[in-house]
Amino acid sequence: MLPSSLQISVVTYRPDLKLLERCLRKLALAIAAGREAGAMRTVHLALIDNSEDKAIADAVIELGKLRFADANVHVTYLHGHANIGYGAAHNLVLHGTGSDYHLVLNPDVELAPDALANAITWLDRHPEIGALAPQAHDAQGEPIYLCKRYPAILDLFLRGFTPGVVRRIFRRRLERYELRDVLSAAPGEDVVGIPVLSGAFMLVRRSAIDKTGGFDPRYFLYFEDYDWSVRLNRVTKTAYVPSVRIGHHGGHAARKGVRHVALFTRSAVRFYRRHGWKWL
């Protein structure tokens, strides 16, 4: 089997440049390791900046050029457009590339050195799987459960908008929402059939992209990954593969201010109207 081709897109909006530098540094290492392992033949990276600020775009471009100057990676820089939203920005390069796989990657994610090699090798061996989710941990090395069940409104409210004492009362419910009962039942084993994958890291097969059309651009921010996951699961299979490891620096919408709460709520309503309401 010939090595696979990979397209990667990273969308930034007024990014933490230190985190972005770490993201790109770890990405370059993972690409090099993937090539050394024979998993990839060509790699294209798109850095897409939604910041609407030339100085920020220039800083993103500078980091990209610094990190990938000698990495034999074709890098495309897209900037100067309006803030079109997370999913719509990824869609700018999601189609027409001809790549075997497309990786949607957050700028606050750090890949393990063998993450891309393991992910692409695994998908090459499992042609029935259309999208892959990784094992994740936070900056302190504690596990993060990015995979989810189809969300009930109560789950979203408890997880994002209640104090710790309330979340502790509903701990078992929230752990079930995060699929901990499934993922912890057989630690280290692959799990097929993931209802919701995280947009922080989604590695998707070209055929699955073509069948679903990628992200729905009507989601400006939040729930674009939930929506795409539901649609992916209608046309293909999804999997959690713990040998693919990432670090993730992220936060909840409620901690980011009123505007983010409003965006979160608007996207949630759109999601439930399309895929069905689930209250409890």
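Because the structure is predicted, anything quoted here is derived from the model rather than measured.
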Would you check if [X] and [Y] make a side-chain contact, meaning some heavy-atom pair closer than 4.5 Å?
X    : Y    : value
L179 : Y145 : no
H79  : I61  : yes
R231 : K211 : no
V73  : I8   : no
F215 : M202 : yes
L221 : H260 : yes
P151 : Y272 : yes
P134 : V241 : no

Donor-acceptor under 3.5 Å ([X] side chain, [Y] main chain):
X    : Y    : value
D138 : Q140 : yes
Y150 : H275 : yes
K65  : L63  : no
T236 : L232 : no
R173 : L158 : no
D114 : N118 : no
S267 : Y222 : yes
R159 : R167 : no
R67  : E21  : no
S51  : R14  : yes

Salt bridge (Lys or Arg N to Asp or Glu O under 4.0 Å) partners of residues 42-55, not counting sequence neighbours, each pair once: K54-D58

Result of checking V182, I194, L132 against Y240 for side chain to side chain contact (heavy atoms under 4.5 Å, CB included): I194

Name of the residue among L203, L103, V244, T121 meeting side chain to side chain contact (heavy atoms under 4.5 Å, CB included) with L116: L103

Could you measure the distance from the [atom1] atom of [X] to the [atom2] atom of [Y]? Nearest 0.5 Å is fine.
X    : Y    : atom1 : atom2 : value
R168 : L174 : CZ    : CG    : 12.0 Å
S5   : H44  : OG    : NE2   : 7.5 Å
D225 : D216 : CG    : CG    : 12.5 Å
E178 : L146 : CD    : CG    : 9.0 Å
H248 : N106 : NE2   : CG    : 5.0 Å
L94  : D210 : CG    : CG    : 9.0 Å

Audit row: L263, R266, side-chain contact (heavy atoms from CB on, under 4.5 Å) steps and yes/no: CA-CA 5 Å; L263 289 170; R266 185 184 308 165; 4.2 Å; yes

Distance-only side-chain donor-acceptor flag, R206 / Y101, under 3.5 Å: no

Side-chain donor-acceptor pair present, H102, S9, cut-off under 3.5 Å: yes

Audit row: I48, H81, side-chain contact (heavy atoms from CB on, under 4.5 Å) steps and yes/no: CA-CA 10 Å; I48 307 160; H81 51 268; 3.8 Å; yes

Pairing of [X] and [Y] as salt bridge, 4.0 angstrom limit:
X    : Y    : result
D100 : R41  : yes
D155 : R149 : no
D16  : R22  : no

Would you say [X] and [Y] are hydrophobically clustered, going by side-chain heavy atoms of ILVMFWY under 4.5 Å?
X   : Y    : value
L47 : V104 : no
V93 : Y219 : yes
I84 : L105 : no
V43 : L123 : yes
Y86 : I56  : no

Aromatic ring pairing F271/Y226, orientation class (parallel under 30°, perpendicular over 60°, tilted between): perpendicular

Test side-chain contact (heavy atoms from CB on, under 4.5 Å) applied to W228 and V204, step by step: CA-CA 11 Å; W228 196 17; V204 188; 3.8 Å; yes

Derivation and outcome, salt bridge (Lys or Arg N to Asp or Glu O under 4.0 Å), residues D181 and R172: CA-CA 9 Å; D181 55 328; R172 289 187 179 179; over 6 Å; no

